[in-house]
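Read the structure below first, then the notes.
Just so it is clear: chains get the letters A, B, ... in the order the sequence lines come, proteins before strands, and each one is counted from 1.
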Protein chains: 4
Amino acid sequence: MGRTGDGEALPQRLLAVATRLFAEKGFEKTSVQEIVEAAGVTKGAMYHYFAAKDDLLKEIYQRLLRMQRERLEAIMARDQPVALRLRAAAADVVVTAIANLDDATIFLQSMHLLSADRRRAVRAARREYHERFRELVEEGQRAGTFRADVPADLAVDYFFGAVHHLGAWFRTGGRLTAEQVGAHFADLLLSSLRPDPPAEPGPSR
Amino acid sequence: MGRTGDGEALPQRLLAVATRLFAEKGFEKTSVQEIVEAAGVTKGAMYHYFAAKDDLLKEIYQRLLRMQRERLEAIMARDQPVALRLRAAAADVVVTAIANLDDATIFLQSMHLLSADRRRAVRAARREYHERFRELVEEGQRAGTFRADVPADLAVDYFFGAVHHLGAWFRTGGRLTAEQVGAHFADLLLSSLRPDPPAEPGPSR
Amino acid sequence: MGRTGDGEALPQRLLAVATRLFAEKGFEKTSVQEIVEAAGVTKGAMYHYFAAKDDLLKEIYQRLLRMQRERLEAIMARDQPVALRLRAAAADVVVTAIANLDDATIFLQSMHLLSADRRRAVRAARREYHERFRELVEEGQRAGTFRADVPADLAVDYFFGAVHHLGAWFRTGGRLTAEQVGAHFADLLLSSLRPDPPAEPGPSR
Amino acid sequence: MGRTGDGEALPQRLLAVATRLFAEKGFEKTSVQEIVEAAGVTKGAMYHYFAAKDDLLKEIYQRLLRMQRERLEAIMARDQPVALRLRAAAADVVVTAIANLDDATIFLQSMHLLSADRRRAVRAARREYHERFRELVEEGQRAGTFRADVPADLAVDYFFGAVHHLGAWFRTGGRLTAEQVGAHFADLLLSSLRPDPPAEPGPSR
DNA sequence: TATGAATGAGAGTTCATTCAT
DNA sequence: TATGAATGAACTCTCATTCAT
């Protein structure tokens, strides 16, 4: 069949189980044995679908990157002022990251464990994503909507640092909803890019 | 003796070597054997000073946290307007993190590998540090210097996310110096906390 | 059908592929998966024709032994002086071994991997073959054509050692052709069996 | 201590045990677990001395090659006619191979399992050894003691084939002693190299 | 203060084989 | 006649840690 009694294809089930365990205990502290036991199969079954434990990680990364990329493209294509598009994109990436907090946590904690080749590939994909984001910022800078004295890539890295860090403090059911955090983060980003910087001395060159 | 021919006490040398290797290859991929070989001693010597491999990690954390905490206290004690103190603190944490980028990288990548007890302890120390930072923000909010419609802790987490993420992109000798990045980050933080937020709809409750 | 598009019956194709791979990489380092992939089928198909991986080995052995046995019988049946028949048989076994060097290599390298039962059977078949060869030697010894102070079976083992070792050094396209090597080997065998051994002290008892 | 209660250093004991098991069951069918159990230690102890299972094989090879090489050198250095020296060398290599039949058996059966690098190194060492042997043959050919119409290297390969094959039939306590087999083999070699080859047609070029 | 041999538990991975379809 | 998902057992190797010296 290719299906088990649990109503989900085995590769997907293995991936779901692995995602949960990796987020809970970390990639290296999660043994293949634990994964297959949690999925109710044997190691051989897992190695039938995934050539190595690393592959599970790779799949999780690709899944997350693909989704974020698609959402960003959709937002960028809107017919709206650049500030609105950036705000929407920023809020959306936060909400999406929270909705897939396990994936995002794993991403952050485990990328350094990938083989050099894989790491390079994942980094390239992420860089490409950041560059799309940066284009939005630069567009606003050219239009005078955003201040131009902040390097666009620095602003983007600043923002994504905050996003990646969500897993360290955000708790579902806590004081703020994912949407509220998204709105706040977007607001902070937009505020920090407003022209007319504060009177205090900024960085001079 | 307590000193080896290399002019540094053995515990410190072990710590320095471990810091470099952990940052390079990750904590779990660095074996005790590699550490002692790089330090030019044997395992027994290491276990004489550190009860476990974990202890090296703990020491690295404590060293970083202690330093950051001391610097923050000194800045907070200044007799300056709150905005200046926050700006100074923000810029300083960036410069310090970059100056100790190995430590900061390890912090981020390996905390989930500590035993539950140790992790709790480290988290508590870091939370305390963040709270001191938050007090600055709240002081400014009460004084009307900073906008009050952004939760202070969210703003702090936002900022420290960016700081923790430095290791992912900052390169010594790159386009920007540590000081320039610190100034930019501080500027972005202060900008985002300015009163009269942008006209676009912010988050409502 | 029993035939694939490649114009060869599947069992034969599997055997041919396995022979090549076993000779290249060794029996144990060749996985069933590799064999079926190289043959362009799936595992199930192979297990339909061969009950076990061992069976492929058995077939290769039997094929080689059967052929050598048949050729030896034909030569022994000739109406020629015994020296000519032994020379012809010796040269032929060399040429045949070289023509089927993969089979011979596998024979030598992998026999110890067979199950005890199979190994016994293969050994018995080979012993029988060697005995036919020995009969030739003994016939010549009785007739005075060959020296009688060398045990016939020892001489045969000596010769077949050399034959089995061909795979270790013979290279097609090298300095000597298979026929030349066969002639030399036959010559060395016949020479060593000539009466009137050399003057130096032979083995005394 | 570096010594166990059994009065032999552990690396040597492991090597001895491994040699016996490899000869009995083959390298690949002997697990590391079996080796260490037979030696009465744990896996870790073995890996403390041997970086890999392969290393045991390498050691066995080197031990055998070193010994054979030393004996050959000693014989070649004698002040004797070349025929006597070749006879002595041939008889000695047989006796030595029988005295270390386990090593020799393993050599033959398992060399193809070594990594490419190691295999190359072992082959080079063996080739060098064969070349020393060949020099003896060539010396005799130049002196007219041996027939010159047989390529010296072919004669050497012929002889060593027979030697390598000893493990397939020689049994201690059987009809012939190691010394008798050595004498016979040497006799066969010398006989086959006698000048004035048999009247029957030899290989023509 | 330091050595390094040895442990013991477990890691990821491989693979011949089975079997429902 | 053939598929390929799944098993289960075994494999080599790693490693933090201990302890007699």
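Taking the side chain as every heavy atom from C-beta outward, A:Phe22 and A:Leu57 approach each other to under 4.5 Å. Annotation: side chain of C:Lys43 is not in contact with side chain of C:Ile35 (no heavy-atom distance under 4.5 Å). B:Met111 is listed as a side-chain neighbour of B:Arg126, based on a closest heavy-atom distance under 4.5 Å.
Between the CG atom of D:Leu10 and the P atom of F:dA20 there is a distance of 18 Å, rounded to whole Å. In this structure, A:Leu113 atom CG and E:dA11 atom C1' are separated by 15 Å, rounded to whole Å. Rounded to whole angstrom, the span from the CZ atom of C:Phe50 across to the C1' atom of E:dT18 amounts to 18 Å. Here the P atom of nucleotide F:dG4 and the OH atom of A:Tyr49 are 11 Å apart, to the nearest Å. Atom CD1 of A:Ile35 is separated from atom P of F:dA6 by 16 Å (rounded to the nearest Å). Atoms CZ (B:Arg13) and P (E:dA2) sit 9 Å apart, rounded to a whole Å. At whole-Å resolution of the value, CG in C:Leu114 and P in E:dA16 are 15 Å apart.
By the salt bridge (charged side-chain N to carboxylate O under 4.0 Å, His left out) test, D:Arg119 is found to be paired with no residue, residues two or more places apart in sequence or in another chain being considered. By the ring-ring contact (aromatic ring centres under 6.0 Å, His included) test, A:Phe107 is found to be paired with A:Tyr61, residues two or more places apart in sequence or in another chain being considered. The salt bridge (charged side-chain N to carboxylate O under 4.0 Å, His left out) search around C:Lys25 returns C:Glu34, not counting sequence neighbours. The side-chain contact (heavy atoms from CB on, under 4.5 Å) search around B:Glu37 returns B:Gln33, not counting sequence neighbours.
Geometrically, B:Lys53 does not engage B:Tyr47 in a cation-pi contact defined by less than 6.0 Å to the ring centre and at most 45° from the axis.
Checked against E:dA2, F:dT1, E:dA6, the side chain of C:His48 finds its nearest nucleotide in F:dT1. Proximity note for A:Val41 (side chain, C-beta onward) versus E:dT7, F:dA6, F:dT7: the nearest is F:dT7.
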Anything under 3.5 Å between a protein N or O and an N or O of nucleotides 12-15 of chain F, put it in a table, one pair a line.
residue, atom, partner, partner atom, Å
F:dT12, OP1, D:Lys53, NZ, 2.9
F:dT12, OP2, D:Val32, N, 3.1
F:dC13, OP2, D:Tyr47, OH, 2.8
F:dC13, OP2, D:Lys53, N, 3.0
F:dC13, N4, D:Lys43, NZ, 2.7

Give the dot-bracket string for DNA chain E, reading 5' to 3', where a pair is Watson-Crick or G-U wobble with both distances under 3.5 Å, ( ) marks pairs inside the strand, [ ] marks pairs crossing earlier ones, | marks a partner on another strand, and . marks unpaired.
-> .||||||||||||||||||||
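Electrostatic pairing of A:Arg20 and A:Asp102 does not count as a salt bridge here, judged by no charged N lying under 4.0 Å from a carboxylate O.
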